Amino acid sequence: MNPVPQKNSGRYDFAFIEDKWQRHWLTQNTFKASEDSARRKYYLLEMFPYPSGKIHMGHVRNYSIGDVIARFKRMQGYNVLHPMGWDAFGLPAENAALKHDTHPAKWTYENIDYMKNQLQRMGFSYDWDRELATCDPEYYRWEQLFFIKMYEKGLVYRKMTTVNWCESCQTVLANEQVIDGQCWRCDNQVLPQDMHGWFFRITDYAEELLAECDNLTGWPEKVLTMQRNWIGKSIGAEIDFPVENTDQVLKIFTTRPDTIFGATFMSLAPEHPLVDLSRHTSQAEQVAQFVSRTKIARKQQKPDEEIEKEGVFIGHYCINPFSGDRIPIYTANFVLMEYGTGAVMAVPAHDQRDFEFARKYNLPVKVVVQPRDKQLDSETLLEAFEDTGVLAASAQFDGLSSAEAKIAITAFAAEQGFGKGMTTYRLRDWGISRQRYWGTPIPMIHCSTCGVQPVPEDDLPVILPADAKPDSSGSSPLHSLESFYKTLCPACGEEARRETDTMDTFVESSWYFARYACPDFTDGPLDRDRVNYWLPVDQYIGGVEHAILHLLYARFFTKVLRDLDYLSTDEPFKNLLTQGMVIKDGAKMSKSKGNVVDPNKLIEEFGADTVRLFSLFAAPPEKDLDWSNKGVEGASRFLNRVHRFVESNREMLTSAPDQQASNLNEKSRALHRKTHQTIRKVTRDLENDFHFNTAIAAVMELVNLLLSLISENAENDIAPAAIKEAVDATLLLLAPMTPHFCSELWEITGHEELLENQSWPTFNPESAKDEEIIVVLQVNGKVRSRLLVSPDIGNDELKELSLLDDKVQKFVGNKPIKKVIVVPKKLVNVVA
RNA sequence: GCGAGAGUGGCGGAACUGGUAGACGCACUGGAUUUAGGAUCCAGCGCACUAGCGUGCAUGGGGGUUCAACUCCCCCCUCUCGCACCA
């Protein structure tokens with residue numbers, strides 16, 4: 001029987017080395033950040049994790065990318081802030097607590113302990129003194145203060161909305177918890193229910209949030225596009241249509257006021273209040289049926305399903321204030337109450353949806369905008385003409401272009417008092433009420449005499465009671481915990497009820513980046529000087545799944561805090577990097593697919609440096625990373641190769657002079673040159689676009705050259721100084737990526753100063769300059785030969801040499817040479 | 001349907017403002033060393049034809065601009081992501 005192979009045989013002892021340096025960094029507080037106005041700051045932030053239990057490969061990748069940048073910037077002399085914390089409130093803790101019969105707080109804090117240890121084992125350079133957890137009252141107390149300040153400023157309000165309600169669980173469900181119209185937990189039918197909830201007036205900031213997108217030049221265009229679409233600004237007009245035989249007015253919003261003469265009916269959302277007008281008409285029964293049928297159908301609708309356009313006449317007409325036309329009012333299933341005014345003027349000739357609806361119900365079609373190249377006929381129209389054109393059948397506006405008509409018609413409506421220019425947004429106010437336990441309590445009190453009252457600032461924080469915990473009913477225990485909800489009204493002193501809803505956890509992550517600047521500050525939420533020194537975040541890194549909500553909310557909060565005078569930046573994140581997913585075997589890692597890779601096992605088998613190296617090497621950060629176990633072995637091999645070389649040349653490296661001799665031999669010069677070229681390449685890759693994969697490839701090339709020169713160098717005639725220079729550069733260039741490994745080898749090779757105190761290496765352009773360059777010779781665009789020449793060669797000489805070249809002559813033959821193109825120092829193309 | 005991005009060897013991926021396509025790594029093949037190797041070292045490795053020197057052909061497909069196109073322009077196909085009746 002074979003002996004059990006020795007663990008790590010043939011490999012460097014990464015376990016020892018990594019433990020040694022991690023201990024060192026922790027005890028020396030190496031990465032502690034202090035404010036220093038004399039130094040250039042760099043705030044690097046990765047999206048903090050939800051403490052779900054353990055770190056996954058997505059975290060490993062995200063935080064490896066961030067750590068390289070943090071360490072790189074430190075070496076470049078920046079004062080770097082690189083904090084880490086925990087997005088610690090949220091529903092999973094409640095579910096886990098139920099499942100394991102524990103308390104969400106206990107579960108959360110245990111996870112934090114475990115995951116913190118995992119992050120430390122990866123060697124990430126965080127300033128742990130700034131660690132924060134959002135479920136800590138010392139954190140959320142300030143969020144409650146913000147809430148009250150926002151309330152005082154009119155940025156918080158309470159209103160009734162329709163929510164997804166599960167009767168058996170007695171709770172509100174988020175949209176993503178409703179699966180095919182059923183509760184994710186008990187499979188009961190989810191019903192719409194009207195409930196009170198608290199809202200942040202994010203729409204007040206819609207315009208600024210949109211406009212400022214143009215200044216976010218350090219963000220991916222993709223994310224900005226998503227944000228712009230989400231805000232969804234449209235410019236148009238609001239027009240009043242009086243309803244016949246009533247004193248009611250139907251307000252509509254349109255982006256096409258130029259088509260107003262073509263309106264032949266009206267479409268209301270089923271929820272629109274004026275739908276009730278049908279009640280006293282013969283249509284009453286039909287309308288009521290339609291409305292309830294539509295509401296149910298909507299809830300059961302699959303996300304990508306297109307429903308058939310339907311509607312019913314509500315028994316009333318309104319008058320087009322422009323034309324005096326009498327138009328029937330319908331309610332239709334494709335009109336959304338949430339957008340605009342919930343009512344649409346239907347112009348079948350110029351809107352495809354209205355066109356389909358009109359054809360189905362035999363409603364008139366009236367062309368009022370003619371294209372410039374042909375004449376449309378209302379009778380024979382096959383589809384709506386949605387482009388702009390020239391107005392027709394529009395009274396005094398005939399002959400105007402659509403653009404002119406929009407302005408003229410809007411102005412006319414304003415003049416006559418039945419309309420005005422209006423801008424609407426798709427963005428809705430942010431509903432933050434959650435009927436959950438594990439979240440920040442909303443600091444409000446309901447008094448039957450005084451109404452809603454904010455908790456006085458001196459009474460903050462409203463602590464989430466630890467003696468409650470979720471039970472299987474699904475209902476928040478806060479609703480029934482008397483010691484929590486029973487309180488006194490701050491206005492009249494009478495008995496009152498505390499708000500028992502908690503805040504959406506997106507609120508915590510909307511300002512944590514600011515708190516990192518001063519996590520120990522007790523006099524208020526934010527210490528102005530420190531916050532203003534560090535903010536904005538210079539580089540933010542995280543998954544693209546947060547491209548809309550988290551980033552939009554964080555931007556909103558930053559502007560609110562600015563207006564509340566807590567900080568003075570307009571935007572929180574100057575540069576944004578959205579890293580790709582980690583996939584394996586062509587699919588996202590997931591338990592159900594069975595392709596999950598456990599970081600712990602990888603660290604044990606290969607060490608943290610190898611895991612970091614591979615996750616940086618396999619793909620550029622913004623692209624998806626295809627995980628490959630074989631690839632990890634390759635990364636490990638590379639580090640071992642470097643380690644072996646350094647170990648076996650330790651004495652030479654320790655004693656080699658730092659100064660380069662002036663008369664190096666050819667091979668030494670080649671190594672010296674490659675060293676400087678590599679520094680140049682790696683510096684550029686890291687500075688420009690964080691393309692670590694090509695940076696690492698460049699270092700590998702340097703190492704390959706070094707090893708091949710040594711192995712064929714029996715005479716040992718390569719200058720030790722050149723070798724030392726190459727090894728030092730290798731260690732410095734890899735330091736941000738494989739910090740334990742490089743620190744150890746740096747020490748072994750006799751440096752007295754620690755690697756972590758070294759500056760980023762610089763290259764000498766003279767040293768990096770090639771002695772000889774290859775110039776490609778083409779005949780008629782095809783490569784036929786190559787010339788090895790001095791880099792100082794002139795174009796004339798190059799041309800001359802090319803024409804003398806055997807291969808060139810062979811392929812030119814006796815054809816006349818038409819022209820010769822010379823790209824300096826690169827290429828010659830002979831056209832014959 | 002709309003919007004954005006991408007398509008390069010067996011695989012992950014390189015290629016600066018149009019100028020040697022395939023860096024680096026993985027896999028694979030042959031060899032060396034070894035009791036053995038899943039360790040290490042050396043060599044090869046886009047495809048086709050060729051004994052070889054070579055010569056064609058190649059960056060999703062088709063056209064175009066150019067001395068020269070992965071790169072620029074037009075059309076088409078496929079995939080990924082986001083939005084999806086937004087009036």
Side-chain angles (χ1 to χ4, degrees), chain A residues 2 5 9-11 220-230 232-234 236 252-256 259 267 269 303-309 332-336 338-347 350-354 356-357 424-427 544-545 547-548 580-581 583 613-614 617-620 622-635 637-638 640-641 644 681 684 688 691 693-701 703-704 707-708 711-712 774-786 818-832:
Chain A
N2 289 330
S9 72
R11 294 177 178 180
E221 201 48 50
K222 176 192 166 84
V223 175
L224 291 174
T225 305
M226 285 164 75
Q227 295 241 329
R228 289 190 184 106
N229 291 344
W230 188 261
K233 178 180 182 174
S234 355
I252 60 98
F253 170 73
T254 179
T255 55
R256 291 295 301 274
T259 64
S267 307
D304 52 352
E305 188 181 12
E306 188 147 337
I307 53 161
E308 163 107 25
K309 287 168 186 54
N333 61 349
F334 62 91
V335 182
L336 306 172
E338 311 85 71
Y339 187 77
T341 59
V344 187
M345 68 170 192
V347 185
H350 305 292
D351 182 290
Q352 188 58 27
R353 292 160 305 184
D354 297 341
E356 288 168 26
F357 195 91
T424 60
Y425 299 88
R426 208 187 76 107
L427 181 69
V544 74
E545 64 273 18
I548 298 178
M581 288 188 305
I583 57 176
L613 186 67
F614 177 73
F617 178 64
E622 69 277 8
K623 298 214 340 187
D624 285 350
L625 183 154
D626 203 344
W627 195 264
S628 149
N629 292 333
K630 289 288 182 188
V632 181
E633 287 172 28
R637 257 199 299 272
F638 170 70
N640 277 298
R641 222 166 15 236
R644 260 196 312 279
K681 166 81 175 150
R684 283 184 187 165
N688 294 347
H691 278 191
N693 56 333
T694 50
I696 292 167
V699 178
M700 285 174 167
E701 280 188 58
V703 169
N704 288 349
L707 297 188
S708 70
S711 72
E712 67 189 34
I774 295 169
V775 172
V776 173
L777 304 187
Q778 295 181 333
V779 176
N780 292 331
K782 293 197 176 184
V783 179
R784 295 302 183 185
S785 185
R786 292 175 169 82
K818 290 184 194 140
K819 63 172 158 178
V820 179
I821 286 139
V822 181
V823 181
K825 298 167 210 241
K826 282 255 170 181
L827 172 143
V828 179
N829 189 10
V830 180
V831 184

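A, B, ... follow the sequence lines: proteins, then strands. Residue 1 opens every chain. All values reported here derive from a predicted model rather than from experimental measurement.
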Colleague: I want to check something: taking the side chain as every heavy atom from C-beta on, are A/Leu707 and A/Arg641 in contact at a cut-off of under 4.5 Å?
Modeller: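 Result yes, sub-4.5 Å side-chain heavy-atom pair found.
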
Colleague: A/Tyr339: what forms a ring pair (Phe, Tyr, Trp, His ring centres under 6.0 Å) with it, not counting sequence neighbours?
Modeller: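 Counting only residues at least two positions away or on another chain, A/Tyr339 forms no ring pair (Phe, Tyr, Trp, His ring centres under 6.0 Å).
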
Colleague: So what does A/Gly232 hit on the nucleic acid, given a heavy-atom distance under 4.0 Å: a base, only sugar-phosphate, or nothing?
Modeller: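 Since no nucleic acid heavy atom lies under 4.0 Å of A/Gly232, the category is nothing.
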
Colleague: Mind pulling the stems RNA chain B is in, i.e. runs of at least three Watson-Crick or G-U pairs, everything under 3.5 Å?
Modeller: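 Stem list for RNA chain B: B:1-7 with B:77-83, B:10-12 with B:24-26, B:28-32 with B:40-44, B:46-49 with B:54-57, B:60-64 with B:72-76.
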
Colleague: If the P atom of B/A6 is compared with that of B/G13, how far apart are they to the nearest Å?
Modeller: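 Rounded to whole Å, the distance is 14 Å.
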
Colleague: All N/O contacts under 3.5 Å from nucleotides 17-21 of chain B to the protein, with atom names and distances to one decimal?
Modeller:
from  : atom 1 : to       : atom 2 : distance (Å)
B/U20 : O2     : A/Arg786 : NE     : 3.1
B/U20 : O2     : A/Arg786 : NH2    : 2.8

Colleague: With 3.5 Å as the limit, what N/O pairs link the protein to nucleotides 27-34 of chain B?
Modeller:
from  : atom 1 : to       : atom 2 : distance (Å)
B/A27 : OP2    : A/Arg637 : NH2    : 3.4

Colleague: Quick one: on RNA chain B, does A/Gly342 or A/Met226 contact a more 5' nucleotide (nearest heavy atom)?
Modeller: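 Final value for this comparison: A/Met226.
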
Colleague: Quote, to the nearest angstrom, the P distance that separates B/A68 from B/A58.
Modeller: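 Those two atoms are separated by 15 Å.
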
Colleague: In whole Å, what separates the P atom of B/A36 from that of B/G31?
Modeller: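 Their P atoms lie roughly 15 Å apart.
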
Colleague: A/Lys782 side chain N/O closer than 4.0 Å to the phosphate oxygens (OP1, OP2) of B/C57?
Modeller: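 For B/C57, OP1/OP2 do have a side-chain N/O of A/Lys782 under 4.0 Å.
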
Colleague: Please state the P separation for the pair B/G61 and B/U8 - nearest whole angstrom.
Modeller: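 To the nearest whole Å, 10 Å.
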
Colleague: Protein-nucleotides 11-13 of chain B N/O pairs closer than 3.5 Å?
Modeller:
from  : atom 1 : to       : atom 2 : distance (Å)
B/G12 : O2'    : A/Ala618 : O      : 2.9
B/G13 : O3'    : A/Asn693 : ND2    : 3.4

Colleague: Are A/Arg784 and A/Leu777 close enough that some pair of their side-chain heavy atoms sits under 4.5 Å apart?
Modeller: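 Not touching, per the 4.5 Å side-chain cut-off.
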
Colleague: For B/G56, does either OP1 or OP2 sit under 4.0 Å from a side-chain N or O belonging to A/Arg784?
Modeller: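 Yes.
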
Colleague: Looking at B/A39, I'd like to know if its phosphate oxygens (OP1 or OP2) sit under 4.0 Å from a side-chain N or O belonging to A/Arg644.
Modeller: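 No, no such contact exists.
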
Colleague: Rounded off to whole Å, could you give me the CZ-to-C1' distance for the A/Arg11 and B/G38 pair?
Modeller: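 One finds 10 Å between C1' of B/G38 and CZ of A/Arg11, rounded.
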
Colleague: Using heavy-atom distances to pick each residue's nearest nucleotide on RNA chain B, tell me which of A/Phe614 and A/Asn333 is more 5'.
Modeller: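 Its nearest nucleotide lies further toward 5', so the answer is A/Phe614.
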
Colleague: What nucleic acid atoms does A/Val544 come within less than 4.0 Å of, heavy atoms only: base, sugar-phosphate, or nothing?
Modeller: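 Result for A/Val544 = nothing.
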
Colleague: With sequence neighbours left out, what residues match A/Phe617 under ring pair (Phe, Tyr, Trp, His ring centres under 6.0 Å)?
Modeller: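 For A/Phe617, no residue satisfies ring pair (Phe, Tyr, Trp, His ring centres under 6.0 Å) once neighbours in sequence are set aside.
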
Colleague: Would you kindly give the CZ-to-C1' distance between A/Arg228 and B/C2, to the nearest whole Å?
Modeller: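 For the pair A/Arg228 CZ and B/C2 C1', the rounded distance is 17 Å.
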
Colleague: Look at the side-chain N and O atoms of A/Arg353 and state whether any lies under 4.0 Å from the OP1 or OP2 oxygen of B/C86.
Modeller: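 Yes.
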
Colleague: What's A/Ser234 touching, base or sugar-phosphate or nothing? Going by heavy atoms closer than 4.0 Å.
Modeller: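 It contacts sugar-phosphate atoms only.
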
Colleague: What integer distance in Å separates A/Asn780:CG from B/U66:P?
Modeller: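 Taking atom P of B/U66 as the reference, CG of A/Asn780 is at 16 Å.
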
Colleague: Kindly say if A/Arg426 contacts the phosphate of B/C83, meaning a side-chain N or O under 4.0 Å from OP1 or OP2.
Modeller: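 It does not, given that no N or O in the side chain of A/Arg426 lies less than 4.0 Å from OP1 or OP2 of B/C83.
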
